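Report on one structure; see the data block that follows.
All figures in this text were calculated on a predicted structure; none of them were measured in a lab. Counting starts at 1 for both ligands and their atoms, in listed order.
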Amino acid sequence: MEQFQTASSTSPVDDYMSDPLLERQAHPSAAPPPQEKSHSFDRLFLKRLGRLLRLLFKGTDGSILKSSILLPYSIFLLLSCGVEVIVWFVGLIPSRFYAVLGSLDVEGYWKVLFQSLGFVFLVAVGKSLQTFSSKILALQIRRILTEHIQACYVKPKTIYRVLLFHEDIDNPDQRITQDIDRFAEAARDIVEPLVITPALIVYYTWKCWDVGGYLGPLFIYSYFIVGSVISSYLIKPIVELVFRKESCEGDFRYLHVRLREYAESVAFSRGEKEEQIRADRSLNTLLGAQRKVINRELPLEAVKQIHSYFGSILSYIIISIPILAGKYDTSDPSKISEIISKNTFISMYLLWKFSSIIEQATKLSDLAGYTARISELFEAINVIDNDLENVEIDYPYQDGSPESEPFIAFDKVTIASPSKKILISDFTARFYTGNHVLITGPNGSGKSSMLRVIAGLWPCTKGHIQLPSNHNGQKSMYFLPQSSYLTFGSLRDQITYPNLASNTEISDEDIRALLKKTRLSHVEDLVDSFDTQYGNEWYKMLSPGEQQRLAFCRAFYWKPTFLIMDEATSAIDESTQSHLLQMVHESGSTMICVSHNSSTRNLFDTFVTFNGNGECRVSHSQDIDINDDALDKAVLRDPWSLSDE
Ligand SMILES: Nc1ncnc2c1ncn2[C@@H]1O[C@H](COP(=O)(O)OP(=O)(O)OP(=O)(O)O)[C@@H](O)[C@H]1O
């Protein structure tokens, strides 16, 4: 027996999740529910960042050596180190000029001049290459994280469940398309200061001590510690605000996406004014959130600026101490000028390196916000992957013989909506091939929910379900929903969906036959060729009824054992509707059909009727007079009167 939706140990999301702290975040049931979500610069941020970095540096075989980020990262680091070496020589240029000009050394002057031109050229080229390689690195970070998250997110049932069961994960699309990119940019900006700067600080500390004594490093370190304590105090609230701003950004964008999607409905109902008010409201919320970030960044920016400008005076204070103490009394003025210049460069550079760490504070707060948004999505997916259902679903003929008769069986199944409303209680039934089933009942009684459970989209509260498995390449079940999903691609792609046409074989003649069968032959005139690619145009080229008919082409192409339809003919005219159902009947597929339409009832053998109170009954055509007009009332409108007859 195959357990439905078991946790997969090979799931890409497992690469991300394995830490108890993250597990607790991901399984609210395993820990006391947090009062309020925290998105700040804390231990959880470091853990999450660590997970993302591990993902980035994990190669195809799990080793860091096979990681596709290793090469751009190494090139970037090497270039950064090379640039720093050249910067050292560039920084000494003024002091060398002081020395040769002060001692009127003409030969030395020309030598220093040519060397300086060489160093300046090298530093310019090196810095350009460093920026270029850092952009390539950011691109690679985005590619790895996006591919990974797409592998976790765009997989059977996951998108649906994230959207349905994790309302806390606002705008997952924005997290994938935008937040990862911003994370990559922020990471690119801070990787160099955080990785190379410590080594530079050690080197420049030694040089600073050498020139100005121990007081130089002491002053600079104290200065840095005071600056970083103030910065970290100011960063904390910004992380949370960046998170909120991103969330508002997503809501605002989504509002406009919906406007585009429902432009016709809005126009029909003259709802533009109302929509404009909503859009303005959403914009105000977003700008308010953005303003809060800007307000909070002001003191941080002020600290940064004060730190950087005051630092330039500090370098003179540092060198003034040994000079005023008489350490260089015996040196000539040109030597003292050289020492002042050299010390100013060293102290300033050391201070600048420290300041650049403080400057990363703002970027770090952005990084923490983006890390939280990306990680939350990973964690929600992990919950879904580990979400063992209470119901067991069997595929008894997984390896079964062709003689085995496939069926769909419910054994005391109870289904509840996500809001815990019981829709079906203790339902038992068995649908065999050739036994066409019509499911009816009032709106909201649970008809579609039963199909969602068969498709594995919703869990059952209790019970046991048996489903047929695919056999010899034939799909056991194919679902036609009410609103047809038209994929971006060619007409050939539409018909072979969910497979890409390029991975399947379907001739032009087969396509024409399918179009004829579904009374869509005119669609051939709408497209340049069966392989011409179209995007959203499909929804404009075809009316809703034609879209539903195109979905029937798919059903005839796949010839599933069970064709499961959820009001899949609701937009189709009556004559074509009965023609299509008759065709399905003749094609050998067994229909399980949710419908409010009674005109095709003679094509069905079994009637499942919901009463909207969690009760559901099954009757068979041999037990009732199928042509009896009273059946409309009995089966379709008031199914419970049937049992009274
Ligand atoms: N995502 C959801 N969250 C909470 N409740 C839901 C959700 N989807 C459906 N429901 C609830 O489940 C109930 C059954 O919905 P379902 O779609 O199965 O009804 P139905 O019988 O197919 O209705 P209709 O004939 O209108 O299509 C409804 O009351 C609905 O409010």
_Please tell me if atom 30 (C) of ligand 1 is touched by the protein, where touching means a protein heavy-atom distance below 4.0 Å._
no

*Gly444 to ligand 1: N or O pair under 3.5 Å?*
yes

_Checking side chain to side chain donor-acceptor pair (under 3.5 Å) between Ser570 and each of Gln577, His596, Gln548, which is the one that passes?_
Gln548

*How are the rings of Phe604 and His436 set to each other: parallel, tilted or perpendicular (split at 30° and 60°)?*
perpendicular

_Is Ser445 close enough to touch ligand 1? Criterion: a residue heavy atom under 4.0 Å from a ligand atom._
yes

*Indicate the ring-plane relationship of Phe556 and Phe552, choosing parallel, tilted or perpendicular according to the 30° and 60° boundaries.*
tilted

_The test is side-chain contact (heavy atoms from CB on, under 4.5 Å); show your working for Glu379 and Ile169 and say whether it passes._
CA-CA 10 Å; Glu379 287 151 22; Ile169 305 297; over 6 Å; no

*With atom 11 (C) of ligand 1 as the reference point, say which of Ser595, Pro418, Ala416, Ser417 has the nearest heavy atom.*
Ser417

*Which atoms from ligand 1 have a heavy atom of His596 less than 4.0 Å away?*
25 (O)

_Taking 4.0 Å as the limit for heavy-atom contacts, which would you say applies to Trp458 with ligand 1: side chain only, backbone only, both, or neither?_
side chain

*How long is the span from the CG atom in Leu438 to the CE atom in Met565, to the nearest 0.5 Å?*
9.5 Å

_Atoms of ligand 1 close to Gly446 [distance to a heavy atom under 4.0 angstrom, numbered from 1]_ = 14 (C), 18 (O), 19 (O), 20 (P), 21 (O)

*Is there a donor-acceptor pair under 3.5 Å between the side chain of Arg554 and the backbone N or O of Tyr497?*
no

*Can you list the atoms of ligand 1 that are under 4.0 Å from a heavy atom of Lys421?*
29 (O)

*Considering only heavy atoms from C-beta outward, does the side chain of Met477 approach that of Ile408 to under 4.5 Å?*
yes

_Check for me whether Glu567 has a heavy atom closer than 4.0 Å to any atom of ligand 1._
yes

_Pair Thr606-Asn435, side-chain hydrogen bond (donor to acceptor under 3.5 Å, both in side chains): steps then yes or no_ = CA-CA 7 Å; Thr606 298; Asn435 176 34; 2.7 Å; yes

*Could you name the option among Ser570, Pro442, Ser449 that has the heavy atom nearest to atom 18 (O) of ligand 1?*
Ser449

_Residue-level breakdown please: for Leu164 versus ligand 1, do any non-hydrogen atoms fall below 4.0 Å on the side chain, on the backbone, on both, or on neither?_
side chain

*Say whether Met450 and ligand 1 are in contact under the criterion: heavy-atom distance to a ligand atom below 4.0 Å.*
no

*For Arg452, counting its heavy atoms only, list the atoms of ligand 1 lying under 4.0 Å from any of them.*
9 (C), 16 (P), 17 (O), 18 (O)

*Purely on distance, is any nitrogen or oxygen of Leu423 under 3.5 Å from one on ligand 1?*
no

_Full working for side-chain contact (heavy atoms from CB on, under 4.5 Å) between Lys273 and Gln276_ = CA-CA 5 Å; Lys273 185 76 202 152; Gln276 191 208 330; 3.5 Å; yes

